[in-house]
There are 2 protein chains.
Amino acid sequence: MEQHKYNIIDIARLAQVSTATVSRVLHEKGGYSKETETRVRRVIAECGFQLNKNAQGLRTQKSRNIGVIVPDITNEFFARIIRYLELFFLKHQYSVLICDSHEDIEIEQLHIRNLKEQQVEGIIYISGRNANPIQESAFSIPIVYIDRKPEDVHIFVHSDNRQGGYLAARELIEKQCRSILFLRDQKKASTIRQRRSGYLEALEEAGIAFQESWEIMTKSDYASVFKTVTNLLMQKGCFFDGVFATNDNMALACLHALHAQHIQVPDQVKIVGFDNVSISQFCHPALTTITQNTELMAEAAGDALLKRIHHELDKQEFIIPVSLCVREST
Amino acid sequence: MEQHKYNIIDIARLAQVSTATVSRVLHEKGGYSKETETRVRRVIAECGFQLNKNAQGLRTQKSRNIGVIVPDITNEFFARIIRYLELFFLKHQYSVLICDSHEDIEIEQLHIRNLKEQQVEGIIYISGRNANPIQESAFSIPIVYIDRKPEDVHIFVHSDNRQGGYLAARELIEKQCRSILFLRDQKKASTIRQRRSGYLEALEEAGIAFQESWEIMTKSDYASVFKTVTNLLMQKGCFFDGVFATNDNMALACLHALHAQHIQVPDQVKIVGFDNVSISQFCHPALTTITQNTELMAEAAGDALLKRIHHELDKQEFIIPVSLCVREST
DNA sequence: ATGAAAGCGCTAACAG
DNA sequence: CTGTTAGCGCTTTCAT
């Protein structure tokens, strides 16, 4: 194959036209005859010409790049959103620059600096459960937030967490649970608050009085949850017959802790998780859980960002519906 | 904050120097007095000036971008490699453009076209277990392959799969297994072939004669593996006391299939997986597995690519050591 | 130690 | 329908 990299001037020369015409053909702007078009296209194909995005971006002041900042790409839930985001923007001829912040403020700053240098036209900020206190002003670039409500006014999209909490609790109640733990991350986040209120709503609807002792706070990693649940069992026995955990990993740790104490799931205790990541389907018994629609979330965020870039949107909140996925743990 | 975007000319004017000097300060090239330096730096800081990578790339013909193509970012093993790659290149002032091919040749082409337009200086191609037959020539851009041996000469890095297979089988043998299944993806891939040969080596070393019926081929998704193992159990009973699965997901499916037939792990059958993804640590019983060192893989690949870009490397194979992680399934 | 100026590849306004 | 040309922001050679 050709070693030399062709530019638009080479193409113009070879096709015996001006660079303007080549550019017009390239972008299907019209204003050229059928013959010139075919001639130009043929030369482009023959040379394997590729547009130089740097030059284009410099000239047009539009990079067609957008940045995505995520706390941990290794987390399946985030990875899924990113996947759909990429697909969405590919369709719209934008490139996506993915930045894993490792929940480290310095790395995040480095990434943001880089995104600005890359002239991104917009940023999607996925904060997830572990919201960092980032600076939001001082930003002339449009930002769409996923999963986290920023302090000042902005665009953000998130699941219908309240509904999720409600569906989870209702499922447990329908399966005859009367003492339902709310096993949650100790961090305070709007997502958790919303899930809690849905859970409370379902309890109330069923005429079940919420007990303070049902709300179990813990660090959200597997080992911590396992220990918390085990301690609970040791100290107070199995005084509950249902658990709503605020994510699948916590639900799984809870499941194993119960199992280790010879408590049967779902016979003695039923469990509902949140997220519907693959682990919930491949554990034993498979977890009933709340599905967050990552595809819809990504599309809503992408749409919103594009609109924002084109000044067709100022501020808005997008709430993505969730659904109950019943498996073996209830 | 300032709304206007400053460029190097603005800075030059404000600092009463030429753009050349600003550029020199920016890149610490020397050739300026202490005073000018401080003056320039102050202006830069005050304005929040950010370099324009498009212009820089255009002028220098170096984008400082590298592309990473991956079949599925949702797969934790790949996601971990990406994470480390990002970190590595961040350190080296390169941006990483991550492309999820969805194992779809068309999407991959789109991504490759985009990477070329972005003027990437190199590409890291992670093919994983599901190698696509991609075009490798017709490429003037340096490529480093991870996990897959390309047909023509190139740079590639992969785990010591043979050693992994050997360690897995030896662990099983040491724990008194004498009939050890090799549960593998039906696809033929160099990684699997290597793991197989390590497994055979360990058997031979222990004086165990390999039986054809021990090699179980199956599609690698959870449901298929579950079905395959279940069928095996139905038809031939539990004629084995150990299983070496070529990845953790398969090992997990096997574990659950055994469990469903009331076969105890590790009492009756012991299992070793491969990869050491988080699921292997959070399942019950936790899986003994072979750890692939994703960090080292990423660093080797990054190093190699950088060297290749600077013409300091032509062709080479990098083999990354693996290790045995003993947990509860053996 | 510093500045002037050319030019990277492309687009778009303007001229014809 | 097509061409000419200025200029996007930056680096770098050559002068001074």
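In the text below, chain A, chain B and the rest are named by the order of the sequence lines, each starting its count at 1.
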Rounded to whole Å, CD of E37(A) lies from P of dT2(D) at a distance of 10 Å

Note: for I9(A) and K34(B) on DNA chain C, the residue whose nearest nucleotide lies more 5' is K34(B)

With distance as the sole criterion, is a donor-acceptor pair present between the side chains of Y125(B) and E108(B) under 3.5 Å? yes

Contacts of L58(B) and Y32(B) projected onto DNA chain C by closest heavy atom; the upstream (5') one is Y32(B)

dT4(D) OP1/OP2 closer than 4.0 Å to side-chain N/O of S18(A)
no

Winner on side-chain proximity to H27(B), out of dT11(C), dT11(D), dC10(D), is dT11(D)

Whole-Å distance, N54(B) CG to dG7(C) P, equals 22 Å

message = Please determine whether ring pair (Phe, Tyr, Trp, His ring centres under 6.0 Å) holds for the pair Y145(B) and H154(B), giving the CA-CA distance in whole Å, both sets of side-chain angles, and the decisive distance to 0.1 Å.
response = CA-CA 8 Å; Y145(B) 294 85; H154(B) 273 295; 5.4 Å; yes

To the nearest angstrom, the CD-P distance between Q56(B) and dT12(D) comes to 9 Å

Practice prompt. Check whether any side-chain N or O of Q61(A) sits under 4.0 Å from OP1 or OP2 of dC8(D), and answer yes or no.
Written response: no

Practice task
Tell me what E117(A) touches on the nucleic acid: a base, only sugar-phosphate, or nothing, going by heavy atoms under 4.0 Å.
Solution key: nothing

(Q) Between E121(B) and Y94(B), is there a side-chain donor-acceptor contact under 3.5 Å, judged purely by atom types and distance? (A) yes

Ranking dC8(C), dG3(C), dC10(C) by distance to the side chain of V17(B), first place goes to dG3(C)

By nearest-nucleotide position on DNA chain D, the 5'-leaning member of T36(A) and N7(B) is T36(A)

Whole-Å distance, K5(A) NZ to dC10(C) C1', equals 15 Å

Between the CG atom in D100(B) and the CG atom in N75(B), the distance rounded to the nearest 0.5 Å is 10.0 Å

Taken to the nearest whole Å, CG/L51(A) to C1'/dG9(C) is 9 Å

* Give a yes/no answer on whether the side chain of T60(B) brings an N or O atom under 4.0 Å of OP1 or OP2 in dT11(D). => no

K29(A) side chain N/O closer than 4.0 Å to the phosphate oxygens (OP1, OP2) of dA12(C)?
yes

Of dC10(D), dT2(D), dG3(C), the nucleotide closest to the side chain of A20(B) is dG3(C)

**Study point:** N or O in side chain of T21(B) less than 4.0 angstrom from dT2(C) OP1/OP2
**Key:** no

ask   = Does R83(A) come within less than 4.0 Å of D72(B), counting only side-chain N to carboxylate O?
value = yes

Review point. Quick one: the side chain of R24(B) and the base of dG3(C), do they pair up donor-acceptor inside 3.5 Å?
Key: yes

